[in-house]
Amino acid sequence: MSSTLVTNIGQLLTNDPTIGTLTDAALIYTDGKVSWVGSKSQAPSADERIDADGASVIPGFVDSHTHAAFAGDRLNDFLARIAGTTYATGGINTTVSATRGASDGALRNHLENVVTEFTSQGITTFEIKSGYGLDVETETRLLRLAKEFTDETTFLGAHVVPKEFASNRRDYIDLVRGAMLDSAAPYAKWIDVFCDSGAFTPDEAREIILAGSQKGLLGRLHGNQMGDTGGVELAVELGVASVDHCTHVSDKALEALAASQTVATLLPGAEFSTRSTYPDARRFFAAGVQVALATDFNPGSSYIASMPFVIAIAVRDMFFSPEQAVVAATLGGAHALRRTDVGHLGIGARADVVILDAPSFEYLAYRPGSQLIKQVLVANP
Ligand code: NIG
Ligand code: FE
């Protein structure tokens with residue numbers, strides 16, 4: 001048994017309703033789990049001691065939506081876009097070509113670099129989707145490699161219809177729900193579909209998610225990024241864990257979401273990078289919807305690995321309060337992954353702890369662009 005005391009915490013955000021946010025606090029973790037939280041003057045001793053020097057301490061960020069498994073970049077798409085073109089889903093095929101041609105070693109090396117960057121930004125739990133293989137071999141390979149880095153792996157064979165199936169999309173859907181799913185399933189926990197214009201219809205998405213459920217995969221969806229195209233309604237109908245993007249969503253759909261167990265995961269990096277209109281988070285909170293924030297890290301629409309940056313945009317442009325944004329990026333992400341062990345620092349939680357270089361978590365929104373992640377403690381289970 002080994003215990004560590006983190007003391008001299010100026011502000012401790014626990015996200016635990018029975019503990020709340022404490023000042024002049026301390027926290028002890030034992031064998032990778034939080035074992036004591038309270039006032040620093042009452043803290044028992046422990047084997048090791050970390051001095052937070054009066055800083056704010058928060059739970060590690062939970063990034064519930066990334067497309068980290070890819071090769072190449074889409075700089076040319078980005079340059080065209082900032083010169084005036086609009087984001088289109090067809091660019092995904094460019095990344096598919098680069099990814100199919102990449103070796104396991106190159107993909108693993110890329111993933112290692114991304115994960116190092118995630119950690120340096122305070123992300124201690126992250127999901128990784130496939131979706132840049134779009135053939136049986138490459139989708140399986142991406143998930144096998146992603147699984148070396150996280151248990152939260154998601155099969156996204158239904159990202160777009162690849163070029164070679166452009167004139168027979170039905171055959172592609174059958175492949176995704178048949179041989180591709182069979183091959184990918186051992187490496188995936190989740191199944192996702194890009195349900196939107198330019199990708200898959202709600203009927204196609206339903207068929208694919210249900211096929212995944214039959215193989216024991218849990219559902220999540222991309223919905224309402226490109227338009228109000230029925231993804232949110234489908235997510236509620238299927239009871240999936242999360243529907244992600246929600247850029248264009250009606251009041252009626254918000255009401256349905258609020259009455260469901262489905263989390264709305266907002267991805268401000270995508271609106272930022274594609275110069276799209278942001279959804280207004282106040283509508284989601286007023287309706288009583290559970291909200292998460294994630295990076296959507298991908299080379300096309302959000303080449304952003306920084307949760308602090310996502311929080312800053314969410315506050316500036318989506319009208320989250322700083323507290324709502326930090327909670328959405330921690331506890332919200334955990335809910336979106338149906339995890340109860342992360343996203344908070346209650347007793348028994350995984351000791352994934354971020355010490356900020358700031359006296360309060362509001363600084364994450366107040367000082368965008370500064371490196372405010374001072375120390376990241378990741379539990380070794
Ligand atoms: O979440 N929306 C679908 N997938 C990604 C974009 C992928 C890409 O453009 O490469 C997203 O924004
Ligand atoms: Fe995405």
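Positions are given from 1 along the sequence.
Between the T262 side chain and the V240 main chain, a donor and an acceptor come within less than 3.5 Å of each other. S130 places a side-chain N or O within donor-acceptor distance of the main-chain N or O of L156, the cut-off being under 3.5 Å. A donor-acceptor contact shorter than 3.5 Å is absent between the side chain of E139 and the backbone of V136. Judged by distance alone, the side chain of T124 and the main-chain N or O of D352 form no donor-acceptor pair under 3.5 Å. T330 places a side-chain N or O within donor-acceptor distance of the main-chain N or O of V327, the cut-off being under 3.5 Å. Side-chain atoms of D196 come within 3.5 Å of backbone atoms of Q225 as a donor-acceptor pair (strictly under, hydrogens ignored). With hydrogens and angles ignored, the 3.5 Å screen pairs a side-chain donor or acceptor of T99 with a backbone N or O of A71. A donor-acceptor contact shorter than 3.5 Å is absent between the side chain of Q290 and the backbone of A264. The main-chain N or O of G198 is found under 3.5 Å from a side-chain atom of T89 such that the two form a donor-acceptor pair. Distance alone, capped at 3.5 Å, is enough to place a donor-acceptor pair between the N298 side chain and the D296 backbone.
Within a 6.0 Å radius of CG in D51, more than 12 heavy atoms belonging to other residues, nucleotides or ligands are found. Heavy-atom contacts from other residues, nucleotides or ligands closer than 6.0 Å to CZ of R100 number more than 12. At most 12 non-hydrogen atoms from other residues, nucleotides or ligands lie less than 6.0 angstrom from CD of E323. Heavy-atom neighbours of E164 CD from other residues, nucleotides or ligands within 6.0 Å: above the threshold of 12. Counting heavy-atom neighbours within 6.0 Å of E148 CD, excluding the residue itself, gives a total above 12. Annotation for K215: atom NZ does not count as buried by contact number, only 12 or fewer foreign heavy atoms lying within 6.0 Å.
A donor atom on one side chain and an acceptor atom on the other are found under 3.5 Å apart for S306 and Q121. T295 and D63 are linked by a side-chain donor-acceptor pair at a separation below 3.5 angstrom, with hydrogens and angles left out of the test. Remark: the E271 side chain and the T247 side chain contain an N/O donor-acceptor pair separated by less than 3.5 Å. In summary, the side chains of N8 and D53 do not present any donor paired with an acceptor at a separation below 3.5 Å, with no hydrogens or angles considered. A donor-acceptor pair shorter than 3.5 Å can be found between the side chains of D16 and T18. Between the side chains of H245 and N224, no donor-acceptor pair is found at a separation under 3.5 Å. Between the side chains of H159 and H222, no donor N or O sits under 3.5 Å from an acceptor N or O. Between the side chains of E362 and S360, a donor-acceptor pair is found at a separation under 3.5 Å. For the residue pair S242 / T265, a side-chain donor-acceptor distance below 3.5 Å is found, with atom types taken as modelled. The closest side-chain donor-acceptor pair between S273 and S301, if any, does not fall under 3.5 angstrom. Residues R339 and T125 bring no donor and acceptor atom of their side chains to less than 3.5 Å of each other. A donor-acceptor pair shorter than 3.5 Å cannot be found between the side chains of W190 and E127. Checked by atom type, the side-chain pair T30/S3 shows no donor-acceptor distance below 3.5 Å.
Contact record, L12 with A25: CB-CB, 3.9 Å, taken as the closest heavy-atom pair. Nearest heavy-atom pair, R49 versus T7, reported as atom, atom and distance to 0.1 Å: NH2-CG2, 3.5 Å. For the pair D31 and M1, the tightest heavy-atom approach, listed with the atom from each and the gap, is OD2-CG, 3.4 Å. In terms of heavy-atom proximity, I355 sits nearest to I50 at CD1-CG2, 3.9 Å. Taking every heavy atom of both residues into account, A188 and T153 meet most closely at CA-OG1, 3.3 Å. Pairing each heavy atom of A26 with each of W36, the nearest pair is O-CZ3, 3.7 Å.
No continuous path of hydrophobic side-chain contacts links V378 to I28 [ILVMFWY only; heavy atoms under 4.5 Å]. There is a path of hydrophobic side-chain contacts, each under 4.5 Å, that joins F320 to L257. Both F61 and I304 sit in one connected hydrophobic cluster of ILVMFWY residues. Membership requires side-chain heavy atoms under 4.5 Å apart, directly or through other members. Linking Ile, Leu, Val, Met, Phe, Trp and Tyr whenever their side-chain heavy atoms come within less than 4.5 Å puts Y87 and F70 in one cluster.
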Please step through side chain to side chain contact (heavy atoms under 4.5 Å, CB included) for the pair V376 and I373, ending with a clear verdict. CA-CA 7 Å; V376 182; I373 307 296; 3.4 Å; yes

Side chain to side chain contact (heavy atoms under 4.5 Å, CB included) evaluation trace for T14 with I58: CA-CA 7 Å; T14 67; I58 62 173; over 6 Å; no

Given side chain to side chain contact (heavy atoms under 4.5 Å, CB included), test D77 with R81 step by step and report yes or no. CA-CA 6 Å; D77 285 9; R81 221 163 45 232; 4.3 Å; yes

List the steps, then state whether salt bridge (charged side-chain N to carboxylate O under 4.0 Å, His left out) holds for D203 with R206. CA-CA 5 Å; D203 283 343; R206 180 187 296 104; 2.7 Å; yes

Worked check of side chain to side chain contact (heavy atoms under 4.5 Å, CB included) between F155 and D192: CA-CA 6 Å; F155 172 48; D192 190 351; over 6 Å; no

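No option in F118, F297, F149 other than F118 meets the ring-ring contact (aromatic ring centres under 6.0 Å, His included) test with F126.
Taking CZ of F200 as the reference point, atom OH of Y172 lies at 6.0 Å (rounded to 0.5 Å). Going from atom CG of L337 over to atom OG of S64 covers 5.0 Å, rounded to the nearest 0.5 Å. With rounding to the nearest 0.5 angstrom, the CD1 atom of I209 is 9.0 Å from the CG atom of L217. Expressed to the nearest 0.5 Å, how far CZ of F319 lies from OG of S321 amounts to 13.0 Å. The distance from atom CG of D228 to atom OG of S250, rounded to the nearest 0.5 Å, is 5.0 Å. Distance check, rounded to the nearest 0.5 Å: CZ of R367 to CG of D357 gives 8.0 Å.
Note on ring orientation: taking the six-membered ring where Trp is involved, the planes of Y363 and Y366 are perpendicular (angle over 60°, cut-offs 30° and 60°).
A cation-pi arrangement is absent between R141 and Y187 under the rule of less than 6.0 angstrom and at most 45 degrees off the ring axis.
By the 4.0 Å N-to-carboxylate-O rule, K252 lies too far from E233 to be salt-bridged with it. For the pair K33 and D341, the salt-bridge criterion is not met [side-chain N within less than 4.0 Å of a carboxylate O].
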